[in-house]
Visitor: 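Dropping the structure in here first, questions after.
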Amino acid sequence: MAAAVAGAGAGELTAALAAPSSSPFAVIGGALIDAAPTWVKDLMIEWFGTADKIALAVLIAVVLALVAAWAGWAEFRRPPSGAVVAVAFGAVAAVVALLRETGDPLPFLPGIVAGAIAGGAIHFLVGMLRPRPPRAGTEASDLPNRRAFFAWTAVAAVGGAIAVVAANAARAGSRAITTVRDALVLPSPAATAPPVPAGAELGIDGLAPVVTPNADFYRIDTALVVPSIDPADWSLRIHGMVEEEVVLTWDELLALPLRETTVTLSCVSNDVGGSLIGNARWLGYPIRDLLARAKPTADADMVLSRSSDGFTAGTPLEALTDDRDAILAIAMNDEPLPPEHGFPVRMVVPGLYGYVSATKWVVDLEVTRFDQARAYWTDRGWSARGPIKLQSRIDVPRRGRQVAAGETVIAGMAWQPHTGVEGVEVQIDGGDWQSATLATAISDDTWVQWSLPWTAQPGEHTLRCRAISTDGETQTSDTAPPAPDGATGWHEVRVTVAS
Ligand SMILES: Nc1nc2c(c(=O)[nH]1)N[C@H]1C(S)=C(S)[C@@H](COP(=O)(O)O)O[C@H]1N2
Ligand SMILES: [Mo]
């Protein structure tokens with residue numbers, strides 16, 4: 001295991017210095033994420049939520065430790081079989097890095113170095129445990145040199161750990177991107193978003209704020225390492241079924257009349273009552289106006305957006321050309337996009353789940369057709385189209401929380417971006433549905449808070465809610481899991497009211 005730590009450290013350090021996008025950990029993790037079937041992705045998000053990446057890292061570390069322990073044993077029994085296992089692992093990382101087209105000139109180098117160091121270390125360390133052949137003129141057979149073994153094992157483990165830390169430090173140093181981001185001055189919008197109306201924020205303790213602070217905004221993506229793109233190097237290419245190809249640079253984008261929009265973003269993996277949803281004020285340029293320059297041909301019906309790290313989303317052309325505020329966003333809540341939310345540029349499309357619309361680190365828009373192109377998650381069994389379903393949730397009182405008897409309040413959020421919410425109803429202990437009071441909505445593109453006064457009687461209670469859309473649709477009680485196109489059902493919360 002110490003040899004594996006040494007190899008991993010050497011690989012990560014090599015990557016940090018010579019092939020930043022080809023770290024063995026990142027390419028193996030990325031490949032696992034891309035290869036994971038839908039149910040695994042679902043399970044990871046259900047178990048770990050937005051900590052899914054940490055969970056994956058721990059999983060990789062545990063598997064590596066087990067394989068390393070086994071290789072050590074094999075090396076002891078039959079050298080150099082353990083070293084061969086280590087070198088083979090490094091070779092796998094090298095090949096995966098090559099296949100993933102990371103863009104580095106020497107993508108295979110970190111894997112090769114990791115394998116060589118781990119293999120050499122395991123051979124050397126385990127070799128010390130074997131009795132040495134008697135030397136001429138001395139007593140027969142020497143005991144294995146345990147002290148040297150432990151000393152060198154410690155050197156390998158500590159050295160590897162230091163290399164990992166150094167690699168991260170080197171990466172952070174090369175992340176001049178955060179410096180560039182911090183120094184950015186956002187252009188003032190040509191069209192400002194209307195201010196959050198008085199009465200949009202009910203200010204109830206425990207209720208989600210109507211505008212989600214960036215630090216609390218859910219993050220979901222397949223990027224183990226957040227892409228770092230210098231705006232000066234950024235450009236967006238619009239091509240495919242268009243009359244005219246368009247290339248847009250960062251400076252050109254900033255010079256355009258930008259507009260502010262307030263839009264609620266939701267993940268298709270959000271369970272009923274879940275928290276993979278947030279609302280922010282975005283600043284960007286209407287994609288409709290860019291497409292107007294490119295002039296899509298009449299038979300096109302989809303735009304395949306691509307990020308710098310190869311993620312793709314397929315958005316109906318119509319959603320990008322109709323009158324909704326589909327934008328190429330550069331700012332989130334009055335700040336340049338945070339790196340993990342797509343710096344420098346992402347898409348935001350009201351009414352569609354993120355996986356079919358909200359491409360972060362976007363660099364390419366290909367105008368195409370649904371019957372000709374498939375996006376990242378469509379290839380993995382998710383629906384090609386992903387309009388956000390009508391949903392509502394109870395935030396207050398929290399599930400399982402003790403509530404004091406007497407006058408209290410039930411409150412939550414409701415949404416169907418771009419359609420809008422007309423009302424919310426609450427049912428207590430299976431009784432009649434009661435109309436909750438809606439807060440003032442910012443717009444039909446955002447979620448809305450709601451509340452209902454409640455005289456809580458001591459005992460166990462079951463609370464449910466359902467939303468009614470501006471289309472007159474009532475949120476369905478039919479339960480569906482997130483896959484393939486979004487969860488449905490009523491959110492239910494059980495609470496105990498103290499006597
Ligand atoms: N490049 C890239 N963009 C992406 C994704 C991704 O994996 N890679 N995930 C999408 C999904 S599934 C969602 S729900 C939203 C989440 O955006 P957020 O992390 O800013 O909340 O981003 C979308 N954009
Ligand atoms: Mo998502």
Side-chain angles (χ1 to χ4, degrees), residues 21 26 29-34 36 38 41-42 44-46 49-53 56 208 211-229 234 236 263-271 274-282 284 303-315 326-333 335-365 375-389 391 415 417 447 481-487:
S21 305
L32 286 176
I33 292 174
D34 291 352
T38 295
K41 181 220 172 201
D42 267 2
M44 287 291 273
I45 291 184
E46 192 179 316
T50 49
D52 54 349
K53 291 187 180 66
L56 178 64
V211 176
T212 315
N214 289 354
D216 301 339
F217 209 97
Y218 80 97
R219 171 189 171 198
I220 290 287
D221 55 58
T222 61
L224 263 190
V225 176
V226 175
S228 74
I229 305 175
W234 178 88
L236 177 80
V263 176
T264 296
L265 217 68
S266 171
C267 183
V268 68
S269 295
N270 195 32
D271 250 312
S275 56
L276 300 180
I277 175 165
N279 182 50
R281 179 155 53 171
W282 311 93
V303 173
L304 189 74
S305 51
R306 183 182 302 272
S307 67
S308 66
D309 66 342
F311 169 87
T312 52
T315 313
I327 58 165
L328 212 51
I330 62 160
M332 179 176 185
N333 292 328
E335 265 182 50
L337 290 178
E340 60 277 19
H341 292 290
F343 182 80
V345 184
R346 77 174 302 169
M347 285 173 52
V348 174
V349 183
L352 303 181
Y353 286 122
Y355 83 107
V356 291
S357 69
T359 303
K360 307 189 269 191
W361 315 291
V362 66
V363 293
D364 190 283
L365 301 183
Y376 187 92
W377 287 113
T378 324
D379 261 342
R380 288 160 177 81
W382 294 77
S383 175
R385 314 238 174 190
I388 299 180
K389 294 179 179 175
Q391 264 299 334
W415 62 90
W447 63 1
D485 62 357

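Since we're looking at a predicted model, the values are computed, not measured. Counting convention: from 1, in listed order, for ligands and their atoms alike. Count residues from 1 along the sequence.
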Visitor: If we only count N/O pairs under 3.5 Å, is W377 in contact with ligand 1?
Guide: no
Visitor: Give, for atom CD1 of I45 and atom CD1 of I220, the distance between the pair rounded to the nearest 0.5 Å.
Guide: 4.0 Å
Visitor: Starting from atom 13 (C) of ligand 1, what is the nearest protein heavy atom, named by residue and atom, and what distance separates them?
Guide: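 Among all protein heavy atoms, the one nearest atom 13 (C) of ligand 1 is G354 CA, 3.7 Å.
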Visitor: For atom 19 (O) of ligand 1, what's the nearest protein heavy-atom neighbour? Residue, atom name and distance, please.
Guide: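 Closest protein heavy atom to atom 19 (O) of ligand 1: K360 NZ, 2.5 Å.
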Visitor: Quick one: which ligand 1 atoms are inside 4.0 Å of a heavy atom on C267?
Guide: 14 (S)
Visitor: For R219, is there an ion pair with D52 - N to carboxylate O distance below 4.0 angstrom?
Guide: no
Visitor: Which heavy atom of the protein is the closest neighbour of atom 9 (N) of ligand 1, given with residue, atom name and distance?
Guide: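 Closest protein heavy atom to atom 9 (N) of ligand 1: I220 O, 3.3 Å.
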Visitor: Which ligand 1 atoms are under 4.0 Å away from a heavy-atom of T359?
Guide: 3 (N), 24 (N)
Visitor: Going by heavy atoms in the side chains, are Y355 and S383 under 4.5 Å from each other?
Guide: yes
Visitor: Of all the non-hydrogen atoms in the protein, which one sits nearest to atom 8 (N) of ligand 1, and at what distance?
Guide: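 Residue, atom and distance for the closest contact: F311 CG, 3.2 Å.
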Visitor: Please report the interatomic distance CH2(W415) to CG(N279), rounded to the nearest 0.5 Å.
Guide: 11.5 Å
Visitor: Hey, is A358 one of the residues with a heavy atom under 4.0 angstrom from ligand 1?
Guide: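 The answer is yes, since A358 has a heavy atom less than 4.0 Å from ligand 1.
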Visitor: Quick one: which of T222, T312, D34 gives a side-chain hydrogen bond (donor to acceptor under 3.5 Å, both in side chains) with Y376?
Guide: D34
Visitor: Under a 4.0 angstrom heavy-atom cut-off, which atoms of ligand 1 come close to F217?
Guide: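 Counting atoms of ligand 1 from 1, those under 4.0 Å from F217 are 21 (O).
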Visitor: Please report whether ligand 1 has a polar contact with E340, defined as an N or O pair separated by less than 3.5 Å (distance criterion only).
Guide: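 No: no nitrogen or oxygen of E340 is under 3.5 Å from one in ligand 1.
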Visitor: Are any of the side-chain heavy atoms of R346 and W282 separated by less than 4.5 Å?
Guide: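 Answer yes - side chains close enough.
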Visitor: For ligand 1, which atoms have a heavy atom of Y355 less than 4.0 angstrom away?
Guide: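 Listed by number with element: 11 (C), 12 (S).
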Visitor: For atom 21 (O) of ligand 1, what's the nearest protein heavy atom and its distance?
Guide: Y218 O, 2.7 Å
Visitor: I need the atoms of ligand 1 closer than 4.0 Å to a non-hydrogen atom of S307, numbered in the order shown.
Guide: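 Counting atoms of ligand 1 from 1, those under 4.0 Å from S307 are 1 (N).
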Visitor: Kindly indicate whether the side chain of W382, heavy atoms from C-beta on, has any atom under 4.5 Å from the side chain of V356.
Guide: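 No; the side chains remain at least 4.5 Å from each other.
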Visitor: Rounded to the nearest 0.5 Å, how far apart are OG1 of T212 and CD1 of I277?
Guide: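 With rounding to 0.5 Å, OG1 (T212) is 8.0 Å from CD1 (I277).
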Visitor: Any idea which atoms of ligand 1 are less than 4.0 Å away from a heavy-atom of D221?
Guide: 5 (C), 6 (C), 7 (O), 8 (N), 9 (N)
Visitor: To the nearest 0.5 Å, how far apart are OH in Y353 and CH2 in W377?
Guide: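 Y353 atom OH to W377 atom CH2 measures 15.5 Å (nearest 0.5 Å).
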Visitor: Check contact between R346 and ligand 1, using heavy atoms of the residue and a distance below 4.0 angstrom.
Guide: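 The answer is yes: ligand 1 sits under 4.0 Å from a heavy atom of R346.
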Visitor: Under 4.5 Å between any side-chain heavy atoms of M347 and L328, yes or no?
Guide: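 A side-chain contact exists here, since the closest heavy-atom pair is under 4.5 Å.
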Visitor: Can you label the angle between the F217 ring and the H341 ring as parallel, tilted or perpendicular, going by 30° and 60°?
Guide: perpendicular
Visitor: In the protein, what heavy atom is nearest to atom 7 (O) of ligand 1, and what distance, to one decimal place, separates them?
Guide: T222 N, 2.9 Å
Visitor: Please state which part of W361 comes within less than 4.0 Å of ligand 1, counting heavy atoms only: side chain, backbone, both or neither.
Guide: side chain
